[in-house]
Amino acid sequence: MSHTLQTPWYKKTIKALQLAGKGDKTRESYARSVRQLLEYINKDPLQITEQELQAYFLYRRNTSNWSASTLNICYCGLKFFFIHVLQKQWPVFEYLKAQKEKRLPCVLNRDEVLQVLQQVHTFHNYAYLTTVYTCGLRLQEAHLQASNIDAKRMMIHVHREKAPRNGMFP
């Protein structure tokens with residue numbers, strides 16, 4: 001792994017991702033996608049053909065049985081790498097898509113939520129989970145301080161949001 005971090009392609013990829021304004025987790029995921037491809041194909045990235053890339057995608061879909069979300073991360077990471085780092089604009093990138101799994105979300109009813117919260121015995125964990133649930137926050141968004149709460153307007157200012165939002169939750 002340490003050898004991988006020293007390769008010129010890795011450094012170019014990270015630099016391009018930073019310039020594109022990608023977040024830490026995105027940079028990590030995209031770089032992992034490139035590393036996995038290069039470990040599988042075992043050749044210089046400039047030597048990879050579009051047909052080899054297509055075969056790799058089919059391998060990951062059909063043999064590795066990656067989930068749709070894992071495939072999409074792989075597709076996005078490798079598309080970014082080939083287009084922005086290697087300057088290869090191949091037709092495969094125009095139609096590349098993983099079929100989303102159609103699953104109903106698991107939604108707990110009020111009694112089930114209360115049963116879960118009754119199992120939490122420390123106050124700070126109870127307060128944290130109650131805030132996450134009642135405000136509809138992601139876990140990383142719920143690291144709040146008193147200054148994040150606007151009691152007069154009954155609003156919470158979220159600093160660690162994932163996607164662009166207006167940043168205020170009633």
Side-chain angles (χ1 to χ4, degrees), residues 1-108 128-129 131-144 148 156-170:
M1 180 67 133
S2 60
H3 172 69
T4 303
L5 300 178
Q6 302 305 319
T7 60
W9 66 261
Y10 180 85
K11 291 176 183 176
K12 286 180 185 179
T13 302
I14 294 300
K15 185 177 178 181
L17 288 164
Q18 288 173 335
L19 289 170
K22 302 295 184 188
D24 292 341
K25 297 276 187 197
T26 301
R27 289 194 308 261
E28 193 178 295
S29 298
Y30 283 17
R32 183 182 325 107
S33 295
V34 174
R35 178 183 51 78
Q36 289 171 328
L37 169 72
L38 297 180
E39 286 173 355
Y40 177 80
I41 291 188
N42 197 26
K43 61 166 45 172
D44 183 90
L46 292 170
Q47 304 296 314
I48 297 172
T49 67
E50 183 178 12
Q51 290 73 29
E52 288 174 315
L53 186 61
Q54 288 174 340
Y56 175 73
F57 289 145
L58 289 172
Y59 168 77
R60 290 303 186 193
R61 175 188 296 264
N62 300 329
T63 305
S64 298
N65 294 319
W66 281 2
S67 70
S69 60
T70 302
L71 284 170
N72 275 324
I73 291 168
C74 173
Y75 294 165
C76 291
L78 293 177
K79 180 178 179 179
F80 184 92
F81 177 68
F82 278 91
I83 291 174
H84 299 287
V85 177
L86 300 181
Q87 306 293 311
K88 293 187 178 190
Q89 187 79 342
W90 287 333
V92 68
F93 298 128
E94 299 300 320
Y95 60 85
L96 198 57
K97 195 173 212 169
Q99 188 70 29
K100 285 188 178 179
E101 300 168 39
K102 294 183 175 39
R103 286 190 274 161
L104 292 174
C106 177
V107 179
L108 303 177
Y128 175 78
L129 291 171
T131 303
V132 167
Y133 177 74
T134 57
C135 296
L137 301 175
R138 294 179 182 95
L139 295 177
Q140 67 270 20
E141 293 173 339
H143 297 282
L144 302 171
N148 300 128
I156 296 174
H157 185 78
V158 177
H159 291 282
R160 293 182 178 100
E161 54 190 288
K162 178 179 178 184
R165 297 186 189 178
N166 67 8
M168 297 295 278
F169 292 90

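Hydrogens, waters and symmetry mates are skipped; everything else that's a heavy atom, side chains included, is used.
- Note that CG of Leu37 is 8.5 Å distant from CZ of Arg60, once rounded to the nearest 0.5 Å.
- Residues satisfying the side-chain hydrogen bond (donor to acceptor under 3.5 Å, both in side chains) criterion with Asn72, sequence neighbours excluded, are absent altogether.
- Taking all atoms of both residues into account, the shortest heavy-atom contact from Asn62 to Asn65 is O-OD1, 3.2 Å.
- Applying the salt bridge (Lys or Arg N to Asp or Glu O under 4.0 Å) rule to pairs touching residues 18-29 yields Asp24-Arg27, Glu28-Arg32, sequence neighbours excluded.
- Under the side-chain contact (heavy atoms from CB on, under 4.5 Å) criterion, Leu19 pairs with Lys15, sequence neighbours left out.
- Once rounded to the nearest 0.5 Å, the distance linking CG of Leu129 with CG of Leu137 reads 11.5 Å.
- Using a 4.5 Å cut-off on side-chain heavy atoms (C-beta onward), Leu71 and Phe57 make no contact.
- His157 approaches Leu144 most closely through the heavy-atom pair O-CD2, 4.0 Å.
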With a 3.5 Å cut-off and sequence neighbours excluded, list the donor-acceptor pairs that the side chains of residues 73-94 form with protein atoms.
| unit_1 | atom_1 | unit_2 | atom_2 | d |
| --- | --- | --- | --- | --- |
| Tyr75 | OH | Arg61 | NH2 | 3.1 |
| Gln87 | NE2 | His84 | O | 3.0 |
| Lys88 | NZ | Leu46 | O | 3.0 |
| Lys88 | NZ | Ile48 | O | 3.4 |

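- Pairs passing the salt bridge (Lys or Arg N to Asp or Glu O under 4.0 Å) check and including a residue from residues 44-53, sequence neighbours excluded, read Lys43-Glu52.
- Residue pairs meeting the ring pair (Phe, Tyr, Trp, His ring centres under 6.0 Å) criterion with at least one member in residues 25-47, sequence neighbours excluded, are Tyr40-Tyr56, Tyr40-Tyr59.
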